[in-house]
Participant: 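Here it is, the structure in full.
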Amino acid sequence: GKAITWMNSMNNGRPVVPRSGYIVEFNALWYNALKFAAVMEQESGNIERSNTLEELAARCKEAFVDTFLNEYGYLYDYVDGNMIDWSVRPNMIFAVALDYSPLDQKQKRGVLDVCTRELLTPKGLRSLSPKSGGYNPMYTGPQTQRDYAYHQGTAWPWLGGFYMEACLKLFKHTRLSFIERQMVGYEDEMTNHCLGTIPELFDGNPPFKGRGAISFAMNVAEILRTLELLEKYNFKYEYTEDNKIKLIDEDCAIYYTIEIDGEDKGIYLEKTKTYYNYFKYDFISRENERTKNLVISKEGVRVEIIFNERR
């Protein structure tokens, strides 16, 4: 057989990870392309062509779910006739991260949950779950041994970029602090192997040692893209003259005023992000006319959130 996907390691002329037939990320990308093309045609005034593409995308969506989604909530890696690969691999994350997904919200959360439980590491997503057969997370030894580990459990930062994007699309601001912590996990690698960059892959088990090429463009690109996504999803704020931070949240059309200690606004702004995410998704859902503000004291910081304006 041939190695036709990014999991292209070979040994003795044969792919270590033979993937054939209907491949999950290929079909997720195809659906995304159909929907994107339909939108472009509509914006160009080609309504008939757009409708044709939308019909094709609808059939693709139905076939995707019927083919790949299993009763355990994750996606088969590939399906080739009667041969189904039940391995838990990161390729299914594309179906959640892409702008146009063939999955509904519940299905996307199920896929993301499995990726979080079985594939997520501080250095990206594992190429195979520890619970799947053939798990081989240590990229060490002679060439043959490394070939059999290359896509069998090692962790890849570029896949982590799509995981972070999926988190942001599903949970928005509530995952900002989590993703920022994930990004900090790469800082120690910037002075190892090659200054200012990160290596090709990491062992899938602790201590997640960097392996392979000393610098890998795909990994660097996804980390930079994730940092850009963080800026996009982060809240807007401004300092006021009376020593407060004013947060502007366009999603729920409320302005927040947070009172802080003015001695070091930068430090307290970082803490404010955590408080803000907590209050927005936990407290605000219970807000009523008699409860327009909330004062807490945490870690020595007094924070007051005032629901003071609605547009």
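In this text, all values refer to a predicted model and were calculated from it rather than measured experimentally.
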Participant: To the nearest 0.5 Å, what is the distance between CD1 on Ile214 and CD on Glu189?
Facilitator: 12.5 Å
Participant: Quick check: do Pro122 and Phe202 have side-chain heavy atoms less than 4.5 Å from each other?
Facilitator: no
Participant: Under the 3.5 angstrom rule, does the side chain of Glu200 hit a backbone N or O of Gly212 as a donor-acceptor pair?
Facilitator: no
Participant: Going by heavy atoms in the side chains, are Gln42 and Ile47 under 4.5 Å from each other?
Facilitator: yes
Participant: Ion pair present between Glu228 and Arg225, side-chain N to carboxylate O less than 4.0 angstrom?
Facilitator: no
Participant: In the structure I gave you, are the side-chain heavy atoms of Val220 and Tyr186 within less than 4.5 Å of one another anywhere?
Facilitator: no
Participant: Mind checking what makes side chain to side chain donor-acceptor pair (under 3.5 Å) contact with Asn11, not counting sequence neighbours?
Facilitator: Tyr148
Participant: For the pair Ser132 (side chain) and Val88 (backbone), establish whether a donor and an acceptor sit closer than 3.5 Å, ignoring hydrogens and angles.
Facilitator: yes
Participant: Under the 4.5 Å side-chain heavy-atom rule for ILVMFWY, direct or indirect, which residues accompany Ile4?
Facilitator: Ile23, Phe26, Tyr78, Met83
Participant: Tyr76 and Leu119: same hydrophobic cluster, using ILVMFWY side-chain contacts below 4.5 Å?
Facilitator: yes
Participant: Under the ring pair (Phe, Tyr, Trp, His ring centres under 6.0 Å) rule, collect the residues that match up with Tyr150, sequence neighbours excluded.
Facilitator: Tyr139, Trp156
Participant: Hey, does Gln182 have a side-chain heavy atom less than 4.5 Å from the side chain of Arg175?
Facilitator: no
Participant: Here's a test for you: under side-chain hydrogen bond (donor to acceptor under 3.5 Å, both in side chains), which of Lys209, Lys123, Arg211 qualifies with Asp203?
Facilitator: Arg211
Participant: A side-chain contact here means heavy atoms from C-beta on lying under 4.5 Å apart; do Lys35 and Glu54 qualify?
Facilitator: yes
Participant: Are the side chains of Tyr22 and Asp80 in contact, using a 4.5 Å heavy-atom criterion?
Facilitator: no
Participant: What residues form a side chain to side chain donor-acceptor pair (under 3.5 Å) with Asp85, not counting sequence neighbours?
Facilitator: Ser87
Participant: Could I get the full list of ring pair (Phe, Tyr, Trp, His ring centres under 6.0 Å) partners for Phe208, not counting sequence neighbours?
Facilitator: none
Participant: Exactly one of Phe216, Tyr163, Trp158 should register a side-chain contact (heavy atoms from CB on, under 4.5 Å) with Glu222. Which one does?
Facilitator: Trp158
Participant: With a 4.5 Å cut-off on side-chain heavy atoms, are His193 and Ser215 touching?
Facilitator: no
Participant: Within a 6.0 Å radius of atom CD on Glu48, are there more than 12 heavy atoms belonging to other residues, nucleotides or ligands?
Facilitator: no
Participant: So which pairs with a foot in residues 107-122 pass salt bridge (Lys or Arg N to Asp or Glu O under 4.0 Å), sequence neighbours left out?
Facilitator: none
Participant: Using a 4.5 Å cut-off between side-chain heavy atoms of Ile, Leu, Val, Met, Phe, Trp and Tyr, which other residues end up in the same hydrophobic cluster as Val184?
Facilitator: none
Participant: Table please: side-chain donor-acceptor pairs of residues 55-68 below 3.5 Å, with sequence neighbours left out.
Facilitator:
from  : atom 1 : to    : atom 2 : distance (Å)
Thr67 : OG1    : Ala63 : O      : 2.7

Participant: For the atom pair CD (Glu187) and CD1 (Ile198), what is the distance rounded to the nearest 0.5 Å?
Facilitator: 12.0 Å
Participant: Using 0.5 Å steps for rounding, measure from the CG atom of Leu69 to the CG atom of Leu75.
Facilitator: 6.0 Å
Participant: State whether Phe178 and Arg181 meet the cation-pi test: NZ (Lys) or CZ (Arg) under 6.0 Å from the six-membered ring centroid, and within 45° of the perpendicular axis.
Facilitator: no
Participant: Partners of Asn51 by side chain to side chain donor-acceptor pair (under 3.5 Å), sequence neighbours excluded?
Facilitator: none
Participant: Determine yes or no for a side-chain-to-main-chain donor-acceptor pair under 3.5 angstrom, with Arg126 supplying the side chain and Gly204 the backbone.
Facilitator: yes
Participant: State the CG-CE distance between Leu53 and Met40, to the nearest 0.5 angstrom.
Facilitator: 11.5 Å
Participant: Are Trp30 and Val79 linked, directly or through intermediate hydrophobic residues, by side-chain heavy-atom contacts shorter than 4.5 Å (ILVMFWY only)?
Facilitator: no
Participant: Would a single hydrophobic cluster contain both Leu112 and Phe162, if residues Ile, Leu, Val, Met, Phe, Trp and Tyr are joined by side-chain heavy-atom contacts under 4.5 Å?
Facilitator: yes
Participant: What distance separates Ile223 CD1 from Met218 CE, expressed to the nearest 0.5 Å?
Facilitator: 12.0 Å
Participant: As an exercise, state the distance from CG of Leu120 to SG of Cys167, rounded to the nearest 0.5 Å.
Facilitator: 8.0 Å
Participant: Taking only residues two or more places apart in sequence, or in another chain, which ones meet Ser50 in a side chain to side chain donor-acceptor pair (under 3.5 Å)?
Facilitator: none
Participant: Where the side chain of Asn219 meets the backbone of Pro199, is there a donor-acceptor pair that is under 3.5 Å apart?
Facilitator: yes
Participant: Could you list the donor-acceptor pairs under 3.5 angstrom formed between side-chain atoms of residues 89-103 and any protein atom two or more places apart in sequence or on another chain?
Facilitator:
from   : atom 1 : to     : atom 2 : distance (Å)
Arg89  : NH1    : Ser127 : O      : 2.9
Arg89  : NH1    : His151 : O      : 2.8
Arg89  : NH1    : Gln152 : OE1    : 3.4
Arg89  : NH2    : Gln152 : OE1    : 2.5
Asn91  : OD1    : Trp6   : NE1    : 2.7
Asn91  : ND2    : Asp77  : OD1    : 2.8
Asp99  : OD1    : Lys169 : NZ     : 2.7
Ser101 : OG     : Ala95  : O      : 2.4
Ser101 : OG     : Leu103 : N      : 3.1

Participant: Hey, could you give me each pair passing salt bridge (Lys or Arg N to Asp or Glu O under 4.0 Å) that has a residue in residues 133-160? Not counting sequence neighbours.
Facilitator: none
Participant: Strictly distance-based, threshold 3.5 Å: is any side-chain N or O of Asn46 a donor or acceptor partner for the main-chain N or O of Arg49?
Facilitator: no
